[in-house]
Protein chains: 2
Amino acid sequence: MTPQTPTRWKLVLEYDGGGFVGWQRQDSGRGVQQAVEEAVRALSGEDTQVQAAGRTDSGVHALAQVAHVDLLKPLDGDTLRDALNHFLRTESVVVLSAEAAAEGFHARFSASERAYLYRILNRRPPPTLEAGRVWWVPTPLDAAAMHAGAQRLVGHHDFTSFRASECQAASPVKTLDALDVIRDGTEIRITARARSFLHHQMRNIAGTLRLVGEGKWTPDDVTRALDARCRSAAGPTAPPEGLYLTHVRYDDA
Amino acid sequence: MTPQTPTRWKLVLEYDGGGFVGWQRQDSGRGVQQAVEEAVRALSGEDTQVQAAGRTDSGVHALAQVAHVDLLKPLDGDTLRDALNHFLRTESVVVLSAEAAAEGFHARFSASERAYLYRILNRRPPPTLEAGRVWWVPTPLDAAAMHAGAQRLVGHHDFTSFRASECQAASPVKTLDALDVIRDGTEIRITARARSFLHHQMRNIAGTLRLVGEGKWTPDDVTRALDARCRSAAGPTAPPEGLYLTHVRYDDA
């Protein structure tokens with residue numbers, strides 16, 4: 001018998017991070033990865049790993065996480081998507097699309113850009129319909145000042161001040177391609193694009209930009225925090241529930 | 001002792017209808033009205049009724065429900081808003097604003113227009129982040145056809161076909177000022193404006209327009225259903241979780 005060659009599938013996933021301990025399984029509970037791997041096993045009988053573009057933290061949401069999985073079972077993409085969603089029906093994660101990946105595709109290593117959104121609800125009353133979906137900041141924030149402060153972080157920098165102490169990345173040097181802050185009514189949206197991000201980088205940026213929005217910090221203070229290359233020089237870590245992985249780009253896919 | 005004159009307060013409320021049996025208290029559970037009245041009592045010691053512009057059904061949400069309440073306790077609007085929100089902190093309802101009402105103001109009887117939004121998530125995978133916030137319709141819907149069908153309902157009509165059998169309104173004749181259907185990505189939004197609506201009118205309209213969106217009905221079928229003046233002639237009642245009371249207008253306030 002010749003061994004079969006598995007098909008590598010590219011999956012786009014949406015999830016509510018609130019029900020999970022993050023992408024990866026932890027001693028403390030269930031990971032998104034585990035939920036998807038169990039659905040794959042229920043569908044195919046194959047015990048295989050699901051690899052994601054970004055290992056989101058506990059409570060962080062995804063509008064379009066990308067993952068790959070290798071399967072021997074012959075299937076078409078729409079059937080795979082619908083069957084996985086059937087087995088995921090009690091979970092807060094769905095497969096938006098499934099397609100056969102190009103030769104050599106790797107969800108994590110082939111990604112050329114990740115995009116994140118951080119949502120702040122900026123009003124006195126707490127959230128109701130958006131509870132668990134936004135960071136509630138009741139003090140008035142100046143979005144234009146936050147945007148000005150954000151521009152100090154765009155470009156190629158040592159982001160040690162914005163990196164979680166337990167971050168495992170080899171280098172704290174990253175290139176932030178874009179960081180924009182806009183207001184839409186009572187909501188402030190921070191959007192960012194980069195090839196890759198450090199652990200907690202977006203949440204530490206959001207926590208720092210809040211200080212600028214409140215007028216406690218100037219854009220120059222953001223530059224000083226960046227230059228200090230020391231985590232305690234920047235603002236506090238914003239909570240995970242405002243953060244969304246929104247897009248992963250693949251240049252050759 | 002001269003009896004004090006109470007101040008009539010106009011409250012704008014936002015709520016997640018999923019946690020309530022509707023605006024009004026039911027034997028089956030807790031109403032939004034009850035939650036707000038309990039907060040008023042906790043704040044003021046006054047046992048008073050809160051009257052709303054629209055008595056939303058179980059599971060229906062509000063982005064800006066309007067209510068009024070009479071209070072003897074002297075307060076300013078911002079303090080009233082913040083204090084009510086303090087007592088409502090374990091509930092999925094908040095007071096967005098509180099202001100002293102004009103002479104003769106009545107949240108229900110002074111309202112000159114109500115606006116509703118009905119949200120449909122139109123894609124194969126079920127909702128995750130929007131679960132409980134949208135009606136999930138996996139079959140493809142033609143929003144332009146739905147909009148064309150919707151125009152058959154705009155104007156002054158006998159809406160018996162779109163009225164719940166238990167509706168208590170004196171007359172089934174209403175004027176629907178606007179009914180629009182647009183698509184935004186995988187979401188279809190039905191918006192409507194009228195002086196007042198019949199019980200289940202929006203949900204029965206949404207259930208009927210779905211039939212048009214699926215191609216099972218033509219706009220002429222919508223006219224036939226309207227002309228039949230019989231509930232069973234129109235489509236099924238759409239679920240409450242897609243429906244939002246978005247605005248109440250007062251001409252003299």
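Being a predicted model, the structure only gives us computed values, none of them experimental.
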Any idea which heavy atoms bring B:P125 and A:R81 closest together, and the distance?
-> CG-CD, 4.4 Å
Around A:R41, counting heavy atoms of other residues, nucleotides and ligands shown, do more than 12 lie under 6.0 Å from its CZ?
-> yes
Can you pull out the residues in residues 82-98 of chain A with any heavy atom less than 4.5 Å from chain B?
-> A:D82, A:N85, A:S92, A:V93, A:V94, A:V95, A:L96
Any residues in residues 22-35 of chain A near chain B, with a heavy-atom distance under 4.5 Å, and which are they?
-> none
Ion pair present between A:R133 and B:E130, side-chain N to carboxylate O less than 4.0 angstrom?
-> no
Closest heavy-atom pair, A:L129 versus B:Y244, reported as atoms and distance to 0.1 Å, is CD1-CE2, 3.9 Å
